[in-house]
2 protein chains.
Amino acid sequence: MERSLLKHFIKSRGLRQSSQRDRVVETFLSQKGHTSAEELLIQVRKKDKRVGLTTVYRTLKLLTESGLAVERKFNRQVSTFEPARIGQHHDHLICLGCGKIMEFENKNIETLQEEVARKHTFFITHHVLELYGTCLDCSKKGAKKPKKK
Amino acid sequence: MERSLLKHFIKSRGLRQSSQRDRVVETFLSQKGHTSAEELLIQVRKKDKRVGLTTVYRTLKLLTESGLAVERKFNRQVSTFEPARIGQHHDHLICLGCGKIMEFENKNIETLQEEVARKHTFFITHHVLELYGTCLDCSKKGAKKPKKK
DNA sequence: TTTAGTGCAAACTCTTTGCAGCTAA
DNA sequence: TTAGCTGCAAAGAGTTTGCACTAAA
């Protein structure tokens, strides 16, 4: 069903269909969690060796613009992308020990954000809320160096 | 007073003093708002032409490690740095129209964050909360393209 | 036949590193 | 005299762009 959204987006923009792009979209939408362009390329290439990194980047851009993907940076240089579930906004807990990412939703926080914005006569389009720290597993293992990349 | 913290940090690490670093630190601490390495270099060079970008980067790293600076990325590629005011954590409203950055503090939000963490048995070390949208001025001017960079 | 899509290599942006000379202690 | 500090140039990492070719419509 999400795919029809993209089809519509492609049509409305006068774009064409292509097997590489289809493959990237299909693979992306089947992913759980957060995927970087590089990681997605690896998955895509398992099915089709001919796809290049550039196409993955271009397709992710298209997906983001059409609202099917959400781009996130967390505390790193690389962008990661997550399939957008309509109407399901959420924020993240990021473990600096093992890199695990957990999701949460909290309406009360959102309400307070709106209140803050109102005080500043500011109109929120979107927000970023990321809680960094240590998950249960990592706190048990004791002090551990943050996972690189 | 903040400067004595850095002096202590430098001593404890067995580092040396240098006029370039002093100039960068001095300039940085006198800045309001958020400064990128490039912007800081421009300011520093007004007083001393001999300072290089590398030294600015290295000094900002030192300041961040010693707790005198806080690094922030917002929605851009570049890092910006802000002098850390001890015990004064705050979050940001970022206008996508003009790039203006406003600060706010909200204890209730922080309390709710701790509650979320507790539910997930997660231990927060720090968080990022950024509200993106349109400020009053920009909403008056009507639809305006987001300022690049 | 037209024009979007593709992969490759090159360019780009921001940041870090290697290095040889400089300088504080 | 011994390292840390410096600027420069080069290297890195992640992403975007230019280009000639391919292929959908």
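Reminder, nothing fancy here: chain letters follow the sequence lines and each chain counts from 1.
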Can you tell me if [X] and [Y] form a side-chain donor-acceptor pair at under 3.5 Å?
X        : Y        : result
A:Glu82  : A:His90  : yes
B:Ser79  : B:Glu71  : yes
B:His127 : B:Gln113 : yes
A:Lys11  : A:Gln17  : no

Let's see if you can work this out: which of D:dG18, D:dA9, D:dG14 has an atom nearest to the side-chain heavy atoms of B:Thr54? D:dA9
If you check every side-chain atom of A:Arg21, which of C:dC8, D:dC8, C:dT6 has the closest atom? C:dT6
Separation of atom [atom1] in [X] from atom [atom2] in [N], rounded to whole Å:
X       : N      : atom1 : atom2 : value
A:Lys11 : C:dA4  : NZ    : P     : 17 Å
A:Leu41 : C:dC8  : CG    : C1'   : 13 Å
A:Gln20 : C:dC8  : CD    : C1'   : 14 Å
B:Glu38 : C:dT13 : CD    : P     : 11 Å
B:Leu40 : C:dT15 : CG    : P     : 12 Å
A:Glu39 : D:dT15 : CD    : P     : 11 Å
B:Gln77 : C:dT15 : CD    : P     : 9 Å
A:Arg76 : C:dT15 : CZ    : P     : 17 Å

Mind listing the N/O atom pairs, protein and nucleotides 20-24 of chain C, below 3.5 Å?
| residue | atom | partner | partner atom | Å |
| --- | --- | --- | --- | --- |
| C:dA24 | N3 | B:Arg16 | NH1 | 3.1 |

With a 4.0 Å cut-off on heavy atoms, is B:Ser36 in touch with a base, just the backbone sugar-phosphate, or nothing at all? nothing
Contact class for B:Arg58 vs. all strands (heavy atom < 4.0 Å): base, sugar-phosphate, or nothing? base
On a heavy-atom basis, which atom in A:Phe28 and which in A:Leu68 lie closest, and how many Å separate them? CE2-O, 4.1 Å
Does B:His89 have its ring centroid less than 6.0 Å away from the ring centroid of B:His126? no
Output field: ring centroids B:His92/B:Phe104 closer than 6.0 Å: no
Between B:Val51 and B:Gly14, which residue's closest nucleotide on DNA chain D lies nearer the 5′ terminus? B:Gly14
Assign each of A:Asp22 and B:Phe81 to its nearest nucleotide of DNA chain C by heavy atoms, then name whichever residue's nucleotide is nearer the 5' end. A:Asp22
With respect to the phosphate group of D:dT15, does any side-chain polar atom (N or O) of A:Tyr57 fall under 4.0 Å of OP1 or OP2? yes
